[in-house]
Amino acid sequence: MSQTTQDRAGACPVSHGTGGTCPAHAMADAFDAFEGPYQVDPAEALRWSRDQMPVFFSPKLGYWVVSRYDDIKAVFRDNILYSPRNALEKITPVSQEAMDALASYGYAMNRTMVNEDEPAHMARRRVLMDHFLPENLETKQAMIRRLTREKMDAFIDSGRVDLVEAMLYEVPLTVALNFLGVPEDDIDTLRTFSVAHAVNTWGRPTPEQQVAVAHSVGKFWQYAGDVIERMRAEPEGTGWMHDTIRKNALMPDIVTDSYVHSMMMAIIVAAHETTALASANMFKTLLTHRDAWDDICADPSLIPNAVEECLRYCGSIVAWRREATAPSTLGGIDLPEGAKLLIVMASGNQDERHFEDGDRFDIYRDNAVEHLSFGYGSHQCMGKNIGRMEMRIFLEEMTRRLPHLRLAEQDFTYLPNTSFRGPDHLWVEWDPALNPERTRPAGANAQQHFPVGAPDRKAIARRVVVTAVRREADGVVGLTVADARGRRLPNWSAGAHVELVVDGYDRKYSLCGRPDRDRFDLAILREEQGRGGSRHIHDTVREGMELKLRGPHNLFRLDEAAPHHLLVAGGIGITPILTMADRLKALGKPYAVHYCGRSRAAMAFLDRLEADHGPALTVHAKDEGRRADLAGLVADLPPGGQVYACGPDRMITALEELTSGLPEGTLHFEHFSTSLGSLDPTQETAFDVDLKDSGLTLTVPADTTLLDTLRAAGIDLASDCCEGLCGSCEVRVLDGEIDHRDRVLSKAERADNHRMMACCSRAANGRKLTLA
Ligand code: HEM
Ligand code: FES
């Protein structure tokens, strides 16, 4: 590391008083990836970094550590600027003696898939993708279930078992070998090899251990070579590695010899160690969050999302690596060319800036699937749906056959390393006399079927009960809801909303009370001309009723660092604005609230606003002849001030125009709703999309969104609002003219023509688009 780089690392982005040592720098200097807090809980260990210094240089590791969700995603997204070439590099430099040991086995581990640069990577991924497509994986469900049941049958009457030994290690290994078409050899030997590979690549072995590890890795290398030879002798063999070997013969420039040997070794680890550890983490977490375990036992339809929440909260790959190919800026920090990055997904997965109440485990979190545990972008895990499938079947079989399972008293041990995380052993106990199948033998064979792929968001919702209904203003009803089972609700931040599900209507409403774990408060305007949801709620919802609710989410986040906030509300748009005012007051920040409405009688929360925010409040009631002078308000905005607005379209459009000359990011707004997600097929034209990364060409019919078309082709794409409001379904456009219909991108971003929201935007004039 050059002095210049060190100096740049020293450019502390935290504002702190003069004199003394910067506490964030001291934390950066102390960061140790192999022992201490990071090994105990990587997300918690980097909380300080997420809050104060999201990208920092770790002198002990020689890597830049990246801890926030958006920065990690940005790194994954740009695999040209941030090359994956160091993903499998040995993180601890190898001693000469260990190198000699490796050389004695002819060890020549080279690029595989996960650490290959473009264009070689995509060419290879494309020709080897078929086996991973959802329709080709569906047939594996029966095999996974059979293996799981066999293992469970062997221990179900014992009352105590180490789940890792008894099931979670061996089933993923057998599944992996079956998927690959690799002979099921000595499982114990493969286990020793896999651990050696993990220590060799991501661990910090002592000089003595290095030599022993090198011998195991060397033997693994030779074993992989032998297996390839055996497989070559079976040209009709089935499985992904057989396919790879055949493609190697057909297209040796794309699927090279060196790739085949290296991949044979790497994939055995990639395919099973990841899943075994993730499954062990899942059971440990669920059994320590008993409410969640009990809910799944009572309602197995919760399983797919519970698996995603486990992958988010306690995934098995906690960090991955990239290398900067040119100078860049990340999280406000300048990185030099050649900077090595440790991107800590475990930390990003609990980042409050993306996941509300991020460090809380919540199986009802409906955006859990946005976790980064499978990576993101063009290198995203090819086997994610196999891992998901195994974890779902494990959980389903265990919750059905052993609902009374509990975690035994034990000290957990982990293999110290930067990236792979899961307990070595997981002792569980139960009373076999209470096994449900002793009284209902048929229960042993019951089963659910979950389609391969990401969970269906519509299936995820928590049960809440209405504890109060009140009149907030003319046409505005206030609701208070609490968890139907009396559990604590998630925390939320100013500007957050929830989605209320009432008799088939899904409607989003901002939270408007004060954060309280026992209740959510909402205020709902009756919209006579709307789509019927608010009328239905007004007419039917009564105290004591049970409803369903998704969220909270926050797409309207307050930048608390801004020096001044102008808060503008129109009508029912006061709901998020009220929580922002509360928050700014609590922070002691300067702010002004301008509240516009038809008449005072129709304006909710006036008394509360006057009591709590009187000096900052200006009310503009139309029937009193008071209209807000938006132009004057914007003109008076102090430098660096930010505008937060929620209200009708015409108010937002006016503010967009008035702030167009101000720095990007001055105006933040939230619409009540849009009709952008609904298509009128008679007005739309079908168009084609070329997908460069996956080599597919798809047609988006006139009655279908790009988002739905991509999903139908097996491409996972996040989405939240499906109305062009949140930005989560963004795709990268390489060519073609976009008909932008979202409310997320700025004018400049639209003109740039490189990004679009797949849930609503389309190709202009039905012409073709090329996506990354
Ligand atoms: C890549 C995690 C299961 C095959 C990856 C990456 C991660 C990951 C973090 C790197 C992504 C990136 O660079 O953006 C996991 C986890 C799993 C799992 C957490 C289980 C819970 C599997 C399985 C297979 C598999 C079962 C195969 C049968 C692969 C392959 C790649 C990969 C081939 C390289 C993709 C590429 O570079 O294009 N996985 N994985 N994984 N994984 Fe997985
Ligand atoms: Fe929210 Fe598309 S899903 S913008």
Side-chain angles (χ1 to χ4, degrees), residues 72-73 75-77 79 82-84 87-88 111-118 121-122 124-126 128-129 131-132 137 140 144 172-173 175-180 239-241 244 263 266-282 307-308 310-312 314-322 343 345 367 371-391 419-422 457 553 555 674 676-677 693-694 705-707 717-731 741-745 756-761:
I72 296 170
K73 205 162 171 178
V75 171
F76 272 130
R77 191 182 274 142
N79 62 334
Y82 300 113
S83 158
L88 301 183
R111 299 292 174 87
T112 61
M113 181 84 82
V114 81
N115 57 351
E116 183 59 278
D117 276 319
E118 303 305 346
H121 162 257
M122 235 28 246
R124 196 172 286 164
R125 182 166 166 132
R126 233 174 260 141
L128 297 175
M129 192 63 200
H131 282 248
F132 290 100
L137 291 179
K140 303 284 176 199
I144 299 172
L173 182 52
V175 172
L177 296 178
N178 173 291
F179 173 78
L180 301 173
W240 190 65
M241 274 315 288
T244 301
M263 191 58 171
I267 190 72
I268 292 175
V269 178
H272 92 277
E273 193 89 25
T274 49
T275 314
L277 296 172
S279 305
N281 289 335
M282 170 175 77
V307 165
E308 298 305 317
C310 289
L311 285 163
R312 182 195 75 85
C314 53
S316 52
I317 308 291
V318 295
W320 210 240
R321 284 179 284 168
R322 290 289 191 262
I343 45 178
M345 291 97 93
N367 65 345
H371 64 74
L372 299 167
S373 299
F374 290 130
Y376 182 80
S378 55
H379 281 272
Q380 196 191 38
C381 178
M382 289 167 84
K384 64 187 175 187
N385 286 327
I386 305 178
R388 278 174 171 149
M389 208 154 60
E390 293 185 58
M391 293 171 74
S419 299
F420 278 58
R421 182 174 170 81
R457 184 171 171 270
H553 295 284
L555 307 176
T674 74
L676 296 171
D693 287 354
S694 42
T705 61
L706 172 60
L707 178 67
L717 203 60
S719 68
D720 183 0
C721 68
C722 291
E723 291 181 286
L725 300 176
C726 70
S728 53
C729 64
E730 180 180 318
V731 288
R741 303 182 184 183
D742 63 281
R743 305 305 307 245
V744 178
L745 297 176
M756 75 186 280
M757 299 307 140
C759 67
C760 58
S761 298

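First listed ligand is number 1; within each ligand, the first listed atom is number 1.
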Q: Using a strict 4.0 Å cut-off to heavy atoms of F179, name the atoms of ligand 1 that fall inside it.
A: 28 (C)

Q: Anything protein N, O or S sitting under 2.8 Å from atom 43 (Fe) of ligand 1: count it and give me the total.
A: 1

Q: Working to the nearest 0.5 Å, report the span between CD of E116 and CD of E118.
A: 8.0 Å

Q: Quick one, F179 and L137 - any side-chain contact, counting heavy atoms below 4.5 Å?
A: yes

Q: Check salt bridge (Lys or Arg N to Asp or Glu O under 4.0 Å) between K140 and all other residues, then give those that pass, not counting sequence neighbours.
A: none

Q: Number the atoms of ligand 1 from 1 as they appear, then name those within less than 4.0 Å of a heavy atom of W320, with their elements.
A: 10 (C), 13 (O)

Q: Any heavy atom of H121 sitting closer than 4.0 Å to ligand 1?
A: yes

Q: Is it the side chain (CB and beyond), the backbone, both or neither of Q380 that lies under 4.0 Å from ligand 1, heavy atoms counted?
A: backbone

Q: Taking all non-hydrogen atoms of both residues into account, name the closest pair between R124 and R111 and its distance.
A: NH1-O, 4.4 Å

Q: If you look at every heavy atom in N79 and D117, which pair is closest and at what distance?
A: O-OD1, 4.3 Å

Q: How many angstroms lie between CE in M756 and CG in L706, if you round to the nearest 0.5 Å?
A: 5.0 Å

Q: Using a strict 4.0 Å cut-off to heavy atoms of F76, name the atoms of ligand 1 that fall inside it.
A: 12 (C), 13 (O), 14 (O)

Q: Hey, is Y376 touching ligand 1 through its side chain, its backbone, both or neither, going by heavy atoms under 4.0 Å?
A: backbone

Q: Would S316 count as a contact of ligand 1 if the rule is a heavy atom under 4.0 Å away?
A: yes

Q: Compute the minimum heavy-atom distance from G377 to ligand 1 and say whether it is under 4.0 Å.
A: no

Q: Return the set of residues passing ring pair (Phe, Tyr, Trp, His ring centres under 6.0 Å) with F76 (not counting sequence neighbours), or none when no residue passes.
A: none

Q: Taking all heavy atoms of C729 and all of L707, pick out the closest pair and write down the distance.
A: CB-CD1, 4.2 Å

Q: Does S378 reach ligand 1, in the sense of a heavy atom lying below 4.0 Å from it?
A: yes

Q: Considering only heavy atoms from C-beta outward, does the side chain of L277 approach that of R421 to under 4.5 Å?
A: no

Q: What atoms of ligand 1 come closer than 4.0 angstrom to any heavy atom of I386?
A: 26 (C), 28 (C)

Q: Checking a contact table here: which protein heavy atom is nearest atom 9 (C) of ligand 1, and how many Å away?
A: S373 O, 3.5 Å

Q: Could you list which atoms of ligand 2 come closer than 4.0 Å to a heavy atom of C729?
A: 2 (Fe), 3 (S), 4 (S)

Q: Got a second to check how far M282's CE is from C314's SG, nearest 0.5 Å?
A: 9.0 Å

Q: How far is atom 20 (C) of ligand 1 from its nearest protein heavy atom, and which residue and atom is that?
A: T275 OG1, 3.6 Å

Q: Which heavy atom of the protein is the closest neighbour of atom 13 (O) of ligand 1, given with residue, atom name and distance?
A: R322 NH2, 3.0 Å

Q: I need the nearest protein heavy-atom contact for atom 11 (C) of ligand 1: residue, atom name and distance, please.
A: H379 O, 3.2 Å

Q: Restricting to ring pair (Phe, Tyr, Trp, His ring centres under 6.0 Å), what partner residues turn up for F420, sequence neighbours left out?
A: W202

Q: Quick check: do M113 and L128 have side-chain heavy atoms less than 4.5 Å from each other?
A: yes

Q: With heavy atoms only and a cut-off of under 4.0 Å, state how M345 meets ligand 1: side chain, backbone, both or neither.
A: side chain

Q: Should the pair K73 and Y376 be classed as cation-pi, given the thresholds of under 6.0 Å to the six-membered ring centre and 45° from the axis?
A: yes

Q: Is there a side chain to side chain contact (heavy atoms under 4.5 Å, CB included) between R388 and E308? Walk through the geometry before answering.
A: CA-CA 8 Å; R388 278 174 171 149; E308 298 305 317; 2.8 Å; yes

Q: Pull out every atom of ligand 1 sitting under 4.0 Å from any heavy atom of M113, numbered as shown with elements.
A: 34 (C), 35 (C), 36 (C), 37 (O), 38 (O)

Q: Of the backbone and side-chain N, O or S atoms of C760, does one lie nearer to atom 2 (Fe) of ligand 2 than 2.8 Å?
A: no

